[in-house]
Amino acid sequence: MKEIISQYDFKSHAVLIDSSEISYIKEGIGEKTLLFVHGLSSNSDAWSENIKDLKEHYTCVALDLPGYGRSSKPEVDYTPTYFAEILHKFIAELELKNVVLVGHSMGGQASIKLATSYATDIEKLILIAPAGLEQFSEAGANMLKSFFTVDMVKNTTDEQIEKNYALNFYQLPEETSRMIADRKQIKFATDFDAHCTAIVNSISGMLNDPVYADLESITKKTLVVFGNKDMLIPNRYLNPTLTIEDVGEIASQKIKEVKVAYVEDAGHFVQFEKPIEVNQLIQQFVDAN
């Protein structure tokens, strides 16, 4: 079985953190650094449509979290706290300065942990459709954990992969075809089993390591962005009466200095579906005093 190398828009580099090789891309030479953190079942290439434009203004760094993309896939508890520790060490190792942390979905939950555990690492915080704002009952959390098994992830058919990606968007952009092809290809990678385990442990990790109580401890100016047609947040089965606006209101009520923005006609993967609108929001927020 051969190793499958994901196709990224930008050249990747690697650094060793806690005996794990962390793959990342770095573009641009701006004074401020945007550090992009991807979500579940994703990788640094999730930010390609944003980096194409934003690298003209900032230093843009996006990493593959452990368990994902080209990074190592160790046997660890893939909790938001674990990811925050990796991010903290990554920032120090690369000597990143003037960091604005940008986290999507699961990466958003990890970013909240870093913002509260290592606040001096960053200047501002941007959360794109972040996980962790809506709460789940213990029964609901246990149901989610029992539903997602390693075998289920391993045996996902090509047809189901396409359906899963479609759920992330209001209207599936043509550019996602490469992402979908990449996800189908990694089934043949030598580390695919470890990747599937990382996905399952990441889901349990998010549920076992909540950040709802941490929101009030965020001291940095924060931008929260949602697509107004997000089909994944809130969870339609476990929180059927909750709306995306309700989730945004949680951010408004809990985070001290926060702006909540909604992008029209965009789904959960809002930064890829509507990069122009999201980039504009990011730039306005980063450049404001």
Side-chain angles (χ1 to χ4, degrees), residues 36-40 50 80-81 83-84 100-117 119 122-141 143-144 167-171 203 205-275 277-286 288-289:
F36 296 99
V37 188
H38 65 78
L40 187 74
N50 310 99
T81 295
F83 288 135
V100 177
L101 188 61
V102 189
H104 174 236
S105 198
M106 178 186 78
Q109 188 166 339
S111 296
I112 291 168
K113 281 291 184 186
L114 182 132
T116 52
S117 302
I122 64 172
E123 288 188 349
K124 292 182 178 181
L125 177 65
I126 300 175
L127 304 173
I128 310 287
L133 299 189
E134 67 173 313
Q135 295 181 286
F136 299 101
S137 67
E138 186 178 351
M143 190 176 83
L144 280 174
L167 282 173
N168 281 275
F169 298 91
Y170 177 60
Q171 291 186 317
I203 293 167
M206 283 188 282
L207 294 165
N208 294 337
D209 187 23
V211 295
Y212 187 86
D214 298 320
L215 298 174
E216 293 178 340
S217 301
I218 296 172
T219 58
K220 301 299 181 179
K221 290 182 178 178
T222 304
L223 170 67
V224 182
V225 180
F226 291 103
N228 75 334
K229 299 292 199 302
D230 194 320
M231 290 300 294
L232 299 182
I233 293 179
N235 187 290
R236 295 299 188 269
Y237 298 100
L238 298 182
N239 291 316
T241 63
L242 213 60
T243 67
I244 193 67
E245 290 77 17
D246 292 332
V247 179
E249 187 60 23
I250 293 169
S252 295
Q253 295 294 326
K254 297 287 183 181
I255 302 174
K256 291 181 180 72
E257 290 190 80
V258 66
K259 175 188 176 184
V260 179
Y262 299 92
V263 177
E264 293 291 312
D265 295 333
H268 185 63
F269 219 139
V270 56
Q271 80 273 24
F272 199 92
E273 188 169 4
K274 298 278 186 171
E277 291 85 346
V278 172
N279 289 351
Q280 189 174 42
L281 287 167
I282 289 173
Q283 199 166 347
Q284 288 170 350
F285 177 72
V286 172
N289 292 329

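All heavy atoms count here, side chains included; hydrogens, waters and symmetry mates do not. Residues: numbered from 1 along the sequence shown. The model shown is predicted, which means the values in this text are computed figures rather than measured ones.
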Spacing of Met206 atom CE and Leu40 atom CG [to the nearest 0.5 Å]: 5.0 Å
Whether Phe169 and Phe272 hold their rings parallel, tilted or perpendicular, with breakpoints at 30° and 60°: perpendicular
Criterion side-chain contact (heavy atoms from CB on, under 4.5 Å) on Phe83 and Lys113, from CA distance to verdict: CA-CA 9 Å; Phe83 288 135; Lys113 281 291 184 186; over 6 Å; no
Derivation and outcome, ring pair (Phe, Tyr, Trp, His ring centres under 6.0 Å), residues Phe36 and His104: CA-CA 8 Å; Phe36 296 99; His104 174 236; over 10 Å; no
Approximate separation, where rounding is to 0.5 Å, of Ile255 CD1 and Ile250 CD1: 10.0 Å
Shortest non-hydrogen separation from Thr219 to Glu257 and the atoms involved: O-OE2, 4.3 Å
N/O donor-acceptor pair under 3.5 Å between Asp209 side chain and Thr81 backbone: yes
Non-hydrogen atoms of Ala266 and Val270 that approach each other most closely: CB-CG2, 3.7 Å
Atom of Pro210, atom of Gln109 and distance for their closest heavy-atom approach: CA-NE2, 4.0 Å
Gap separating the NE2 atom of His38 from the CE atom of Met106, nearest 0.5 angstrom: 6.0 Å
Side-chain heavy atoms of Val225 within contact of Ile282, under 4.5 Å: no
Closest non-hydrogen atom pair, Val37 against Ser111: CG2-OG, 4.1 Å
Exam field: side chain Asn228 to backbone Asp265, donor-acceptor pair closer than 3.5 Å: yes
Gap between atom CD of Glu134 and atom CG of Asp246 - 0.5 Å precision: 10.5 Å
Test item: Gln135 side-chain N/O and Tyr212 main-chain N/O as donor-acceptor pair under 3.5 Å: no
Charged tip of Lys259 within 45° of Phe285 ring normal and under 6.0 Å: no
Spacing of Leu281 atom CG and Ile128 atom CD1 [to the nearest 0.5 Å]: 8.0 Å
Distance (rounded to the nearest 0.5 Å) between Leu144 CG and Phe136 CZ: 6.0 Å
Any side-chain donor near an acceptor of the partner, Thr116 and Asp214, under 3.5 Å: no
Residue pair Asn50 / Gln271, side-chain donor-acceptor N/O under 3.5 Å: no
Closest contact, heavy atoms only, Ile233 versus His268: CD1-CE1, 3.4 Å
Taking every non-hydrogen atom, the tightest pair across Gly108 and Leu127: O-CD2, 3.6 Å
